[in-house]
Colleague: 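Questions regarding the structure given below will be posed in turn.
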Amino acid sequence: MNETWTLPRADDFHVHLRQDEDLPLYAREAARHFARVLVMPNLVPPVRTSQEVSAYLEAILCAAPDLHPLMAFKLSPDLTDSNIHELAKVGAVAGKVYPEGVTTHSENGVQDLRQIGHLLPAMENHALVVCCHGEKPGIFCLDREEAFLEEFSEVAAAHPQTRFVLEHVSTAAAVRRVAELGPNVAATITLHHLEITLDDVIGGNLRPHLFCKPVAKRASDRQALRKAAFSGNPKFFFGSDSAPHRMDRKECASGCAGVYSMPVALEGLAEVFDAANARERLGHFVAGFGADFYGLPRTTQTVTLIRDPWTVPAVVDGVVPYRAGETLAWRIQG
Ligand code: DOR
Ligand code: ZN
């Protein structure tokens, strides 16, 4: 009999589902793997208003009726308190701040987090979470996350009743800072940042399917991320940042940033936590701490993993998934 491992059905607090003809592919994949997903708004045009959130939600549910999407809007300085009020009314749970030019479709982003400061009382009043892509524009790429921490800390400390999530942390410095800041601050950690370093991306041959923002950093950073994920500290929970780009947009002269980890996310996490003898920490990391921070009920369903090696397909829906062609030890039963 193969060994089994039962977990609560996972949430993913950071996904990209894209739009138009791509949306059904990724939304259905998300429904297969996760109880709830927090959907990022970096579309063209971005999801910014209550009407846009409602329309995007409808398109997602039409594509994947079984999915439970949690909606995020692009939080930009030109929104008003009344916009925020309307966004809360249609059920958005978070606003995402994009610094200018640091990632996919972050044009017209902010230069400084303080530029959205006037909207924080409204965010707090409506119990909306402020999600931050934590990289400072205009800084050398490996130093962008650390450079963002100063303004992030200032703003988060000045608004102790507003909840902030530092998304996809990639450095030891960010882990340390999130741990030090108040209970209003948490961070998501991706599967790929727990596994790869910059060496995997560019240390040998260039591996475009591992190129993402923020770029994977040093082994010491990865070590700090692992420690945080395995620690049982509720400030750190799972957000995959699953970010599909079709093969031709990755394997070209100017490739897009993003790792498509959705098809292997839970199985990959199982491997990482198992290898670290941290099995008992995985449940809260994927289905507990995030829900608690967002003020959502924890999921009541379960999933069972079975130790039964399988090979990740080379291509899923036109995209090369994370760990393509590799063998994973755990498979989701059923
Ligand atoms: O690598 C990334 N890809 N990082 C992000 O922050 C955005 C994402 C995307 O949308 O492609
Ligand atoms: Zn993202």
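Atoms within each ligand, like the ligands themselves, are counted from 1 in listed order.
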Colleague: Per the side-chain hydrogen bond (donor to acceptor under 3.5 Å, both in side chains) rule, which among His193, Lys213, His16 passes with Asp241?
Modeller: His16

Colleague: Has the side chain of Lys250 got a donor or acceptor atom that lies under 3.5 Å from a matching backbone atom of Phe211?
Modeller: yes

Colleague: If the plane angle is over 60° it's perpendicular, under 30° parallel, otherwise tilted; pick one for Phe13 and Phe237.
Modeller: perpendicular

Colleague: Applying a heavy-atom distance cut-off of 4.0 Å, which protein residues contact ligand 1?
Modeller: His16, Arg18, Asn42, Thr103, Thr104, His133, His168, Cys212, Lys213, Asp241, Ala243, His245, Ala257, Gly258

Colleague: Take the angle between the ring planes of His168 and His14 and call it parallel below 30°, perpendicular above 60°, tilted in between.
Modeller: tilted

Colleague: Show the atom names and distances, to 0.1 Å, of all donor-acceptor pairs under 3.5 Å that link a side chain in residues 226-234 to residues at least two apart or in another chain.
Modeller:
from, atom 1, to, atom 2, distance (Å)
Arg226, NE, Leu194, O, 2.8
Arg226, NH2, Leu194, O, 3.1
Ser231, OG, Ala228, O, 2.7
Ser231, OG, Asn233, N, 2.9
Asn233, OD1, Lys235, N, 3.0

Colleague: Can you list every pair that meets salt bridge (Lys or Arg N to Asp or Glu O under 4.0 Å) and has a residue in residues 98-121, with sequence neighbours left out?
Modeller: Asp112-Arg114, Asp112-Lys136, Arg114-Glu154

Colleague: Please determine which of Ser240, Pro263, Ser261 meets the side chain to side chain contact (heavy atoms under 4.5 Å, CB included) test together with Tyr322.
Modeller: Ser261

Colleague: What orientation do Phe152 and Phe164 show, parallel under 30°, tilted 30 to 60°, or perpendicular over 60°?
Modeller: perpendicular

Colleague: Please list, in chain and residue-number order, the protein N/O/S atoms closer than 2.8 Å to the Zn ion (ligand 2).
Modeller: His14 NE2, His16 NE2, Asp241 OD1

Colleague: Is Val130 linked to Phe289 within one hydrophobic cluster, defined over Ile, Leu, Val, Met, Phe, Trp and Tyr using a side-chain heavy-atom separation of less than 4.5 Å?
Modeller: no

